[in-house]
Amino acid sequence: MDALTIVGEIGPYVSAAVGAYGTAVLTRATDVGADATVGLGRRILQRIRGSQEDPTELDRAVAEAAEAPDDADFQAMLRVQIKRALLADPELTAGVAQLLTESSVSFTASGDGAVAVQHNSGVISTGNNAQIQR
């Protein structure tokens, strides 16, 4: 995947993470409660920031996007900073592409009583008149 394609694909994840965490997205540790979109956006931004010698411009773009999440201009400025970072570093681009690939887990359930789940720590029952005892 090339850098320009990746910039387009990561936009929703980055926006969700910035919207959820603001500037803390750049330094926040893993949040078990974060949904997949926000978590991926946080990991992408932290990966990009970690690759920067001087992350000042990226930090500023994240702060402005967080302060005005509905402002398309600030969102575009953040995308420009991400684009510059990816175009300048093919290894970073490959790493972000890998994050996208790893996050592309999908499950399909079809038919009566079908269940699709990645993790489950309890009982899943889809049958009629099921009796579950502990």
Side-chain angles (χ1 to χ4, degrees):
M1 227 184 291
D2 67 36
L4 298 178
T5 301
I6 291 173
V7 170
E9 288 191 26
I10 65 175
Y13 302 105
V14 169
S15 294
V18 169
Y21 295 132
T23 57
V25 72
L26 297 171
T27 57
R28 187 175 184 110
T30 300
D31 184 350
V32 175
D35 72 23
T37 299
V38 171
L40 177 58
R42 179 190 47 75
R43 288 191 310 276
I44 288 168
L45 281 170
Q46 288 179 345
R47 178 73 133 325
I48 292 169
R49 186 175 193 271
S51 74
Q52 304 288 292
E53 273 186 44
D54 179 9
T56 304
E57 292 300 315
L58 178 65
D59 291 356
R60 181 177 301 132
V62 168
E64 291 170 339
E67 289 172 13
D70 296 326
D71 189 316
D73 292 333
F74 288 124
Q75 298 300 320
M77 288 172 51
L78 178 55
R79 282 193 310 275
V80 166
Q81 291 303 315
I82 291 169
K83 181 178 176 179
R84 285 181 179 153
L86 294 178
L87 288 172
D89 187 345
E91 287 183 29
L92 175 62
T93 301
V96 171
Q98 183 65 34
L99 285 174
L100 284 171
T101 302
E102 290 170 358
S103 71
S104 298
V105 176
S106 63
F107 300 90
T108 302
S110 62
D112 291 340
V115 174
V117 63
Q118 183 173 4
H119 301 286
N120 178 41
S121 60
V123 175
I124 297 176
S125 174
T126 62
N128 291 335
N129 303 316
Q131 295 181 5
I132 301 167
Q133 296 177 348
R134 277 195 167 232

> Report the distance from atom CG of Leu99 to atom CD of Glu102, rounding to the nearest 0.5 Å.
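The CD atom of Glu102 is 6.0 Å from CG of Leu99, to the nearest 0.5 Å.
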> Sequence neighbours excluded and cut-off under 3.5 Å, please list the side-chain donor-acceptor pairs for residues 84-95, or say none.
| unit_1 | atom_1 | unit_2 | atom_2 | d |
| --- | --- | --- | --- | --- |
| Asp89 | OD1 | Glu91 | N | 3.1 |
| Asp89 | OD1 | Leu92 | N | 3.1 |
| Thr93 | OG1 | Leu86 | O | 2.7 |
| Thr93 | OG1 | Asp89 | O | 3.2 |

> Which residue pairs pass the salt bridge (Lys or Arg N to Asp or Glu O under 4.0 Å) test when at least one of the two sits in residues 54-70, sequence neighbours left out?
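Passing the test, one end in residues 54-70: Arg49-Asp59, Glu57-Arg60.
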> Consider only side-chain heavy atoms of I, L, V, M, F, W and Y, link residues closer than 4.5 Å, and tell whether Phe74 and Val62 are in one cluster.
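Cluster IDs for Phe74 and Val62 differ.
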> Does Ala61 have any side-chain contact (heavy atoms from CB on, under 4.5 Å) partners at least two apart in sequence or in another chain, and if so, which?
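Testing Ala61 for side-chain contact (heavy atoms from CB on, under 4.5 Å), a comparison that skips the adjacent residues, returns Leu78, Gln81.
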> Among residues at least two apart in sequence or on other chains, which ones pass side-chain contact (heavy atoms from CB on, under 4.5 Å) with Glu9?
Met1, Thr5, Leu100
> Residues in side chain to side chain donor-acceptor pair (under 3.5 Å) with Asp71, at least two apart?
none
> Ignoring hydrogens, what is the shortest heavy-atom contact between Ala17 and Gly41? Give both atom names and the distance.
CB-C, 3.5 Å
> Atom CG of Asp73 and atom CD of Gln75: how far apart are they, to the nearest 0.5 Å?
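Taking CG in Asp73 and CD in Gln75, the distance rounds to 10.0 Å.
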> Under 3.5 Å, side chain of Ser51 to main-chain N/O of Ile48, donor-acceptor pair present?
yes
> Roughly how far apart are Ile82 CD1 and Ile10 CD1, rounded to 0.5 Å?
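The CD1 atom of Ile82 sits 4.5 Å away from the CD1 atom of Ile10.
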> For the residue pair Lys83 and Val7, what are the closest heavy atoms and their distance?
CA-CG2, 3.6 Å
